[in-house]
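Each remark here refers to the structure printed beneath this line.
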Amino acid sequence: MNAAIIDLDGTVYRSRTGIDGARDGIDRLRDAGVDVAFVTNSATKSRRKCLERLESIGIDADESEILTSATVTASYVAREFPDATAMAVGEPALFDELSRSGVALTDDPADCDVLVVGKDRSFDFETLTRCLHALEHGATFVGTNRDRKSPTDTGNEPGSGALIAAVEYAAERGPDVVAGKPNDPIIEVSLDHFDVDASECLVIGDNPETDIRMGTRAGMTTVLVLTGLIDRTDPAATNGVADHVLESLGEIEEVLASESTTNP
């Protein structure tokens, strides 16, 4: 293995608390010569905020090693719709990424060519109505990610997928594209970051629907950790959905040894 895509929430930290073993696991990967990138479906934290969170729990990183679904969504919209005006639902990190990518923004559904929906803790009926009107006017529908929920220090909270589902139900149409894990836009950006073939890459995360499915779709080696959304009682931990299942990232040495034996 030459590269590792590592999820953040539920894998490295939970809210502001580092997960036991995560720092040691990252150190072991780097000591083994494996390049690391932190790839999160979060669209509510900027790359700078993710970096500060990592540093606060003793993990050295560089902002260039961090990719978020907001980053990938903004890049996708800027590339595929360079002359479009977008209306976004989300928190400041998403708006910042769209602006940095040169995407023109509007609050008016009638002027909206692309509707971008991410996680927004202030989401309300008025927001849902504006989204419906934008889609009824023919806007392209782009979602940041379909995570149902996110792990926090105080329990799970709804994810972007819950908001996208509300818009989808009201408009009677799903997103034209979802940029985050497990979909092609974030796979392509992640592999381009490393400049490696998918077969040389690990993907490590706590979410079978996003992290593990991303790796499976791309042909990466998948590692499911039981420190976030699921535990040993979940069927996903025992039904072979992932190539490896670990109690935490701190056990990554088992994977490195296994892959070295399998692919000498």
Roughly how far, to the nearest 0.5 Å, is the [atom2] atom of [Y] from the [atom1] atom of [X]?
| X | Y | atom1 | atom2 | value |
| --- | --- | --- | --- | --- |
| L229 | D9 | CG | CG | 9.5 Å |
| D20 | T227 | CG | OG1 | 9.5 Å |
| E253 | L29 | CD | CG | 9.0 Å |
| T221 | E200 | OG1 | CD | 10.5 Å |
| Y13 | C50 | OH | SG | 4.0 Å |
| E63 | L54 | CD | CG | 11.5 Å |

Looking at [Y] and [X], is there a salt bridge between them, counting it only when a charged N and a carboxylate O are closer than 4.0 Å?
| X | Y | result |
| --- | --- | --- |
| R146 | E168 | yes |
| K49 | E55 | no |
| K181 | D147 | no |
| E247 | R232 | yes |
| R121 | E91 | yes |

Looking at every non-hydrogen atom in both residues, tell me the closest pair between [X] and [Y] and how far apart they are.
| X | Y | result |
| --- | --- | --- |
| D107 | M87 | O-SD, 3.8 Å |
| A93 | S46 | CB-N, 3.5 Å |
| I164 | N145 | CD1-O, 3.1 Å |
| A179 | T73 | CB-OG1, 3.3 Å |
| E251 | R28 | N-NH1, 4.4 Å |
| A74 | S101 | CB-OG, 3.5 Å |

Who clusters with V77? Use side-chain heavy atoms, under 4.5 angstrom, across I, L, V, M, F, W and Y, and order the result by chain and number.
Y76, F81, L94, F95, L98, V103, L105, V114, V116, V142, V177
Connected hydrophobic set around I187, excluding itself, where side chains approach under 4.5 Å:
I5, V39, L67, V72, I186, V189, L191, F194, V196, V203, M214, M220
Between the main-chain N or O of [Y] and the side-chain N or O of [X], is there a donor-acceptor pair closer than 3.5 Å?
| X | Y | answer |
| --- | --- | --- |
| N183 | G180 | yes |
| S258 | E254 | no |
| D211 | D206 | yes |
| R53 | L8 | no |
| S160 | K119 | yes |
| D7 | T40 | no |

Are V223 and I230 connected, step by step, through hydrophobic side chains (Ile, Leu, Val, Met, Phe, Trp, Tyr) whose heavy atoms are closer than 4.5 Å?
no
With clusters defined by side-chain heavy atoms of hydrophobic residues (ILVMFWY) lying less than 4.5 Å apart, directly or transitively, does L202 cluster with V245?
no
In terms of side-chain heavy atoms, does T222 have a donor or acceptor partner in D243 at a distance below 3.5 Å?
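Side chains of T222 and D243: pair found under 3.5 Å.
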For the residue pair D124 and T127, confirm or rule out a side-chain donor-acceptor distance under 3.5 Å.
yes
Show your working on side-chain contact (heavy atoms from CB on, under 4.5 Å) between S42 and T68 and close with a plain yes or no.
CA-CA 6 Å; S42 173; T68 75; 5.6 Å; no
For R47, check salt bridge (Lys or Arg N to Asp or Glu O under 4.0 Å) against everything at least two apart and list the hits.
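Result, salt bridge (Lys or Arg N to Asp or Glu O under 4.0 Å) vs R47: E97.
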Any chance you could lay out the side chain to side chain donor-acceptor pair (under 3.5 Å) test for T106 and D108, step after step, and finish with the verdict?
CA-CA 6 Å; T106 182; D108 186 350; 5.5 Å; no
Applying side-chain contact (heavy atoms from CB on, under 4.5 Å), run through V89 and C131 and close with a yes or a no.
CA-CA 8 Å; V89 173; C131 290; 3.4 Å; yes
Check whether F141 forms a cation-pi arrangement with R173 (NZ or CZ under 6.0 Å from the six-membered ring centre, at most 45° off the ring normal).
no
